[in-house]
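Inspection log for the structure reproduced underneath, given as structure tokens.
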Amino acid sequence: MSDTNVTAVMVMVLTLVSCCANVLLLEKIVKDAPRSPALVTVAVYVGIILENLITKPKVMVDHVIPIKSYIIITALFYSTSLLNNMALSYNVSMPTLLIFRSGSLMANMIVSLIAFRRIYPLSKYVSVAMVTLGIIIATMASASEKSKEIESDNGGFGTWLLGISMITYALFGSAIMGVFQEKLFATYGKQKDEALFFTHLLGLPGFLLNTDAIMAAVATFNSSPPLQLAGVVQVPWLWCLIVVNVALNMMCIKSVYFLLSEWSSLSVTMVLTLRKFLSLLLSIYIFNNAFTLSHWCGTVLVFAGSALFSGLIPLPSSREKKE
């Protein structure tokens, strides 16, 4: 195995570890501070902006893609990132969120059909049907569980429905953003680092709309139990967690971009699908999230459909034709 392949395998392991740990740590933070998603998202934005300014100080002036294009991407990126995190505060469990995120292939296919008028093979349509059915089954199961849990709470089920609406918008908003970026990269080249920097920089002012939630989260973080560092300084526990969360988030993003530059998109999709599945299982095990037989059926359909869409598993008819 060449040095490049060894490095790529190591980065793949780093991707799985950092991305899974980031998801689980976010769930832990939200459980301790329900109004913290906006603050967590701001912290990640600031971390990515500072990292790019330090490593690429001329990024502000040496950009290739026009700023107006980044404004469009930013509106989509900001809204999808924030809503995905905020949904956890609206009675949406982490497993349900992960299952919805796994439907990104379906959303991208639908948007591509509309934007590019592409024609796909039968396996793609079958996989989309599987993913769609899986999401419906899992969502209906969650709705049933929530109804049982909150029979005496008139606003609880409505809150959950609002959370589901948030992640549905985020699913298709992310797909639209991906198609738009594809067009930009085809025109100006794959300016990944530049795009990452400007989408976060231009999106930062949008958090002014969440000032109340951010300040409430800051107060909660400040009042959390102190953790003694180096035997001298005491830092509130939740602030320590958010620093680790930002580091893991940045590590996850950078690792994925490295894999995209070294491996085929098919191989990277396999890694990300495995990451989602591991995150799902760990979330259920660690946080005791409700997961019924219907959830399992939905999960199997979503991941199997994603694998079929990516070509990881062929249709039986495809095997027969090859033989």
Salt bridge present between Lys254 and Glu51 (N-O < 4.0 angstrom): yes
Leu241 vs Leu238 side-chain heavy atoms within contact, under 4.5 Å: yes
From OG (Ser69) to OH (Tyr188), nearest 0.5 Å: 5.5 Å
Shared hydrophobic cluster for Ile71 and Phe197 (ILVMFWY, side-chain gaps under 4.5 Å): yes
Criterion side-chain contact (heavy atoms from CB on, under 4.5 Å) on Glu27 and Val23, from CA distance to verdict: CA-CA 6 Å; Glu27 186 168 5; Val23 170; 5.5 Å; no
Ile137 to Gly298 - nearest heavy-atom pair and separation: CG2-N, 4.1 Å
Non-hydrogen side-chain atoms of Asn222 and Trp239 separated by less than 4.5 Å: yes
Straight-line distance of Asn249 CG to Asn22 CG, nearest 0.5 Å: 4.5 Å
Shortest non-hydrogen separation from Phe221 to Ser36 and the atoms involved: CE1-CB, 3.6 Å
Reported OG1-to-CZ distance for the pair Thr220 and Arg35, which is rounded to 0.5 angstrom: 8.5 Å
Stepwise side-chain contact (heavy atoms from CB on, under 4.5 Å) check, Met250 with Ile48: CA-CA 7 Å; Met250 293 173 63; Ile48 290 175; 3.8 Å; yes
Heavy-atom check, side chain of Met251 versus side chain of Val17, under 4.5 Å: no
Verify same cluster id: Leu122, Met130 (apolar side-chain graph, 4.5 Å): yes
Nearest heavy atoms of Ser174 and Thr80, plus distance in Å: N-CG2, 3.5 Å
Residues Gln234, Leu229; criterion side-chain contact (heavy atoms from CB on, under 4.5 Å); working and verdict: CA-CA 6 Å; Gln234 286 191 337; Leu229 301 177; over 6 Å; no
Trace of the side-chain contact (heavy atoms from CB on, under 4.5 Å) decision for Thr159 with Leu162: CA-CA 5 Å; Thr159 300; Leu162 181 57; 5.6 Å; no
Contact summary for Cys20 and Arg275, nearest pair of heavy atoms: SG-O, 3.6 Å
His63 side-chain N/O to Val59 backbone N/O, donor-acceptor pair under 3.5 Å: no
Verify same cluster id: Ile29, Val235 (apolar side-chain graph, 4.5 Å): yes
Ser79 OG to Tyr169 OH distance, which is reported to the nearest 0.5 Å: 3.0 Å
Ser165 side, atom OG; Leu161 side, atom CG - distance, nearest 0.5 Å: 6.5 Å
Leu83 side chain reached by Ile167 side chain, heavy atoms, under 4.5 Å: no
Shared hydrophobic cluster for Trp237 and Val218 (ILVMFWY, side-chain gaps under 4.5 Å): yes
Partner of Phe198 by side-chain contact (heavy atoms from CB on, under 4.5 Å), out of Thr74, Asn52, Ile67: Ile67
Spacing of CD1 belonging to Ile242 relative to CG belonging to Leu39, to within rounding of 0.5 Å: 4.0 Å
From Ile65, Asp62, Thr199, residue fulfilling side-chain contact (heavy atoms from CB on, under 4.5 Å) relative to Glu194: Ile65
Closest non-hydrogen atom pair between Ser255 and Val11, with its separation: O-CG1, 3.6 Å
Cluster check Val30, Val40: I/L/V/M/F/W/Y, side chain < 4.5 angstrom: yes
Tyr70 atom OH: more than 12 heavy-atom contacts under 6.0 Å: yes
Minimum heavy-atom distance between Leu26 and Asn245, given as atom pair plus value: N-ND2, 3.8 Å
